[in-house]
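Working notes for the structure below.
On a predicted model such as this, the values are computed, not experimentally measured, just so you know.
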Amino acid sequence: MTKAGLAAALDMPGPGDVHIWCCYDAAITDSALLERYWHELDSGEKARHARFRFDKHRHQFLVTRALVRNVLSLYAPEVAAAAWRFGANAYGKPCIVTPLEYPLQFNLSHADGIITLALGTHELGIDVEAVSRMASYVDGAASYLSSNEFALLGATPRALQGELFCTLWTLKEAYLKARGTGLTTQLDQFSFSLPGLDGIAAVFSPQLGDDPADWMFWTMRANPDHLVALAQRSVGPVPQISVREVIPGRTFHAVQWDGLRECVLQR
């Protein structure tokens, strides 16, 4: 289903459910639409936009901000896209400041040519990476993985290591973003593995002060080269994950991503 006009409010995610929004920024070239996006930015966002050296990065930043502003207004059409105000915790995790009573949490991630936005009612994090790009990091993987993960990588045929490393890294990044601590958390304090054809298992060290049974994890393939990982604090029922592709402020439609792996209700 495609919707134009964007006038009616969307239903909010149910408890534990996650709505993922995906945008291919390079395909958005309409000058009038981009000008509208610019006018929706607040002064701080405009200053950040100006600091990007390359047009490509300025463009992706502009579309990213338009994505979060316009999608939030789909759920609350009484709030104009330009009226949203955002803050961040001490580690930089973003949050909604205005309106204060707005119940959704969100998280953003982007890679070359793609932007993803996750929305839900509980702590969550999303990461998207290009598998082809991440393959170039395999030789230095020991710096990014736990010893167990590095051993798993070493036991994997070389031709498959790039995708495995990308999967492990996106899961780690999504979890760190959900916790809101970023890379201040040591990467060797938690490990992921991929049992079976579609499973995800997590092990946390005592030093982390967290329990993997309190979390749910997924990976999905947005397209042949982009892998997405999602982490959310467990809230009990099996959540529903929905995905939509969007041109912010214009149209959106539901899509089905392939290659789902999940680790839910670990208790």
Side-chain angles (χ1 to χ4, degrees), residues 13 16 18-21 41-49 51-52 57 60-65 67-69 71-72 84-111 114-129 134 137 140-146 149 165-192 200 202-219 227-235 263:
V18 180
H19 292 179
I20 298 175
W21 295 80
L41 300 180
D42 63 29
S43 58
E45 290 168 329
K46 288 178 178 177
R48 289 170 63 191
H49 180 268
R51 289 196 290 268
F52 284 99
H57 298 147
Q60 186 171 68
F61 176 82
L62 178 63
V63 176
T64 299
R65 302 317 302 166
L67 173 64
V68 66
R69 288 177 171 278
V71 167
L72 286 173
W84 296 96
R85 294 293 179 266
F86 305 98
N89 72 6
Y91 304 99
K93 184 178 182 180
C95 61
I96 297 168
V97 173
T98 301
L100 285 172
E101 70 277 8
Y102 200 65
L104 283 182
Q105 297 201 31
F106 74 94
N107 199 240
L108 286 157
S109 182
H110 61 79
I114 186 172
I115 309 163
T116 57
L117 166 67
L119 291 166
T121 56
H122 295 78
E123 296 167 83
L124 50 74
I126 192 168
D127 189 49
V128 58
E129 301 287 352
M134 294 302 291
Y137 289 88
S143 300
Y144 305 101
L145 303 179
S146 70
E149 290 167 331
F165 176 69
C166 186
T167 302
L168 295 172
W169 174 251
T170 54
L171 284 165
K172 292 172 85 73
E173 183 79 357
Y175 169 66
L176 292 174
K177 293 175 73 177
R179 271 177 59 110
T181 57
L183 293 177
T184 61
T185 299
Q186 295 182 21
L187 294 172
D188 62 355
Q189 291 185 341
F190 58 105
S191 297
F192 292 97
I200 299 170
V203 176
F204 295 172
S205 73
Q207 292 85 352
L208 190 62
D210 202 355
D211 186 343
D214 292 335
W215 290 90
M216 300 172 287
F217 302 99
W218 301 262
T219 62
L227 186 72
V228 175
L230 177 69
Q232 181 179 245
R233 191 172 289 280
S234 177
V235 293
C263 179

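Interatomic distance, L168 CG to L145 CG, rounded to the nearest 0.5 Å: 6.0 Å. Between the CG atom in L117 and the CG atom in N107 there is a gap of 8.5 Å [rounded to 0.5 Å]. In this structure, CD1 in I126 is found 4.0 Å from OG1 in T116, a value given to the nearest 0.5 Å. F165 contributes atom CZ, which lies 9.5 Å from atom OG1 of T170 (distance to the nearest 0.5 angstrom). Summarising the geometry, atom NZ belonging to K46 is positioned 10.5 Å from atom NE2 belonging to H49; distances are rounded to the nearest 0.5 Å. The line from CG of L108 to OG1 of T64 is 6.5 Å long, rounded to the nearest 0.5 Å.
Using a 4.5 Å heavy-atom cutoff, the side chains of D210 and R233 are in contact. For the pair I200 and T167, the minimum side-chain heavy-atom distance is 4.5 Å or more. Between P99 and W84 the shortest side-chain heavy-atom distance falls below 4.5 Å. With contacts defined as side-chain heavy-atom distances shorter than 4.5 Å, the pair L187/W169 qualifies.
Here the options are K172, R179, K177, the test is side-chain contact (heavy atoms from CB on, under 4.5 Å), and the partner is Y175; only R179 passes.
Remark: side-chain polar atoms of N89 are paired, donor with acceptor, to backbone N or O of G180 under 3.5 angstrom. When atom types are taken as modelled, the side chain of Q105 and the backbone of A118 share no donor-acceptor pair closer than 3.5 angstrom. Not a single donor-acceptor pair under 3.5 Å links the side chain of D127 to the backbone N or O of A229. Under the 3.5 Å distance criterion, the side-chain polar atoms of K93 are left unmatched by any main-chain donor or acceptor of T181. Judged by distance alone, the side chain of S109 and the main-chain N or O of V128 form a donor-acceptor pair under 3.5 Å.
Taking all atoms of both residues into account, the shortest heavy-atom contact from Q232 to G16 is NE2-O, 2.7 Å. The minimum heavy-atom distance linking S234 with M216 is given by the pair CA-CE, 3.5 Å. For the residue pair C95 and A88, the shortest heavy atom distance occurs at SG-N, 4.0 Å.
A salt bridge links R69 and E45; the closest N-O separation between the charged side-chain nitrogens and carboxylate oxygens is under 4.0 Å.
A tilted orientation is assigned to the rings of F52 and F61, their planes being inclined by 30° to 60°. Aromatic ring pairs are classed by plane angle as parallel below 30°, tilted from 30° to 60° and perpendicular above 60°; the pair F190 and F192 is perpendicular.
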List the steps, then state whether ring-ring contact (aromatic ring centres under 6.0 Å, His included) holds for F204 with W215.
CA-CA 11 Å; F204 295 172; W215 290 90; 7.6 Å; no
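Relative to the ring axis of F86, R65 places its NZ or CZ within 45° and under 6.0 Å from the centre.
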